[in-house]
Amino acid sequence: MKHEKGGFASNGKFAAGGTINDTLGKASVDSIEDEAWNLLRESIVFYCGNPIGTIAANDPSSSSILNYDQVFIRDFIPSGIAFLLKGEYDIVRSFILHTLQLQSWEKTMDCHSPGQGLMPASFKVRTVPLDGDESATEDVLDPDFGEAAIGRVAPVDSGLWWIILLRAYGKCSGDLSVQERFDVQTGIKMILKLCLADGFDMFPTLLVTDGSCMIDRRMGIHGHPLEIQALFYSALLCAREMLAPEDGSSDLIRALNNRVVALSFHIREYYWIDMRKLNEIYRYKTEEYSYDAVNKFNIYPDQIPPWLVEWMPSKGGYLIGNLQPAHMDFRFFSLGNLWSVVSSLATMDQSHAILDLIEAKWSELVADMPFKICYPAFEGQEWRITTGSDPKNTPWSYHNGGSWPTLLWQLTVACIKMNRPEIAEKAVKIAEKRISRDKWPEYYDTKQARFIGKQARLFQTWSIAGYLVSKLLLANPDAANILVNREDSDLVSAFSSMLSANPRRKRDWKGLKQKFIV
Ligand code: GLC
């Protein structure tokens, strides 16, 4: 395809209207892509002779491997999507089916087993001597559910990503036989049951401990962090599409449907922030005891951080990082916002506003390398208290305001969905200036993303795969549909009446066919 479109290598001539520099630029971009494909292929991990996933990083210069020699579920998603878009379906199929087998493994930590249905954060292929035969070996899969992970964090996002990838596999390959398999259907239901189980929680958002997603260290994201909610919503919608109707699952599907409505209402209404909403919070009354309180979570206006007062653009808005009683985490978390666009957890207007904000705050969120994982960083005393003085998460490094090239692919899907691919194109061009020269780092440091991260791995697979997915999707935007969730039309009409209702009055539920507790 590259050749058909013309360019240096294909016809030996310079493209019409282009300059020599353009053409050389195109040739070097092609070579970045070629290099990325070679590196991605080199990262493939084999199990019993067959490709099963990709290693997290393949950095020959690094002395401490830690667990970067493992296949991480979340890290494999962009690799899997790149392979799907290239028509190489087998590795994705094999990843889906083998990680499913790991799901039911009994692993314990301090005599306690993780909830049934939990997917591991990562796994390793070990070659061990065959029982009773010293000369022969066999491959075994060794999963980590967090019981060996630094900080013993629970990988809540793994199962959600697994469901999202499963749907993408079916949509892209046309092979629905995988999702229809009995064991796969059971796997989907186990993940759903774990997420939909009743607990003490009052909110429809999923309650998790700190570090349960891409940010897998203590970073003040315990409770109801946006990233988990966006993935949860997306996984619920993907699962609904794939679950085979059968008598035994009607309760589960009912619970799923209720949760989809309640979750989207809750996030759209209470996580959303823009100039108007900020001003509303600034003038909040507190200590309201009633069912229809305006300030339901008893947020004290003093919580509005000074940086936000300056930072909030007049056009645009975003979903805040977390919401708990008397606590709003006003940081901008990129993955949560981008995936809220992709999954339609955010409304159409909110989704456009998120992209408007990204454009308005380009010099902070993209700067020299896309994309900031969150903004701003915690500094000083706040850093000390929130991270526990974590030397890896110092201000503007790693998870604390570092810049992660892998986020390019989620940015690209969101921009394509909203028909604004030029935003992603611009970001990809910035990445291309240095990502290959810098050896595909895991993350960048400093406010402007000027340095390769202090402890960043080089040749980080999801940096490589994320870039490839962006390129492949920008060349073929329709393919983004394998990841996008379109909004339910019932929801649209129900919400428009609810959201326009006066917040002081009780919510008008008349538009809804069914009653939901929100
Ligand atoms: C780091 C990241 C995590 C990633 C892992 C492997 O722990 O925080 O998101 O999955 O590295 O790349």
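Whatever order the structure lists them in is the order used to number ligands and atoms, beginning at 1. Atom set for the values below is all heavy atoms of this structure, side chains included, hydrogens, waters and symmetry mates excluded.
- The closest approach between R217 and ligand 1 stays at or above 4.0 Å for every heavy atom of the residue.
- For atom 11 (O) of ligand 1, the closest heavy atom belonging to the protein is Y68 OH, 3.5 Å.
- Under the side chain to side chain contact (heavy atoms under 4.5 Å, CB included) test applied with L473, the options I482, I416, L468 reduce to a single match, I416.
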Decide salt bridge (charged side-chain N to carboxylate O under 4.0 Å, His left out) for R126 and D142; before the verdict, give the C-alpha distance in whole Å, the side-chain angles of both, and the deciding distance to 0.1 Å. CA-CA 7 Å; R126 283 188 204 285; D142 187 8; 2.8 Å; yes
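- The heavy atom nearest to atom 3 (C) of ligand 1, out of those in D216, I373, I215, is found in D216.
- With a heavy-atom cut-off of 4.0 Å, F76 does not touch ligand 1 at all.
- No donor-acceptor contact under 3.5 angstrom links the side chains of S343 and N485, judged on distance only.
- Comparing heavy-atom distances from atom 6 (C) of ligand 1 across L335, D75, D157 singles out D75 as nearest.
- Summary of contacts: the protein heavy atom closest to atom 5 (C) of ligand 1 is F72 CE2, 3.9 Å.
- At least one test fails for K439 against the ring of F459: distance under 6.0 Å to the centre or angle within 45° of the axis.
- Ionic pairing of E432 and K471 is present here: one or more N-O contacts between side-chain nitrogen and carboxylate oxygen are shorter than 4.0 angstrom.
- For atom 1 (C) of ligand 1, the nearest non-hydrogen atom of the protein is Y398 OH, 3.3 Å.
- Of all atoms in ligand 1, numbered sequentially from 1 with element shown, those under 4.0 Å from a heavy atom of M214 are 2 (C), 3 (C), 8 (O), 9 (O).
- Between atom 8 (O) of ligand 1 and the options K392, Q460, R457, H399, the minimum heavy-atom separation is to H399.
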Determine whether W462 and S79 satisfy the following criterion, side-chain contact (heavy atoms from CB on, under 4.5 Å), listing intermediate values before the conclusion. CA-CA 7 Å; W462 69 353; S79 299; 5.8 Å; no
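- Using a 4.5 Å cut-off on side-chain heavy atoms (C-beta onward), F232 and R259 make contact.
- Close approach of ligand 1 to E442 (heavy-atom distance below 4.0 Å) involves ligand atoms 1 (C), 11 (O).
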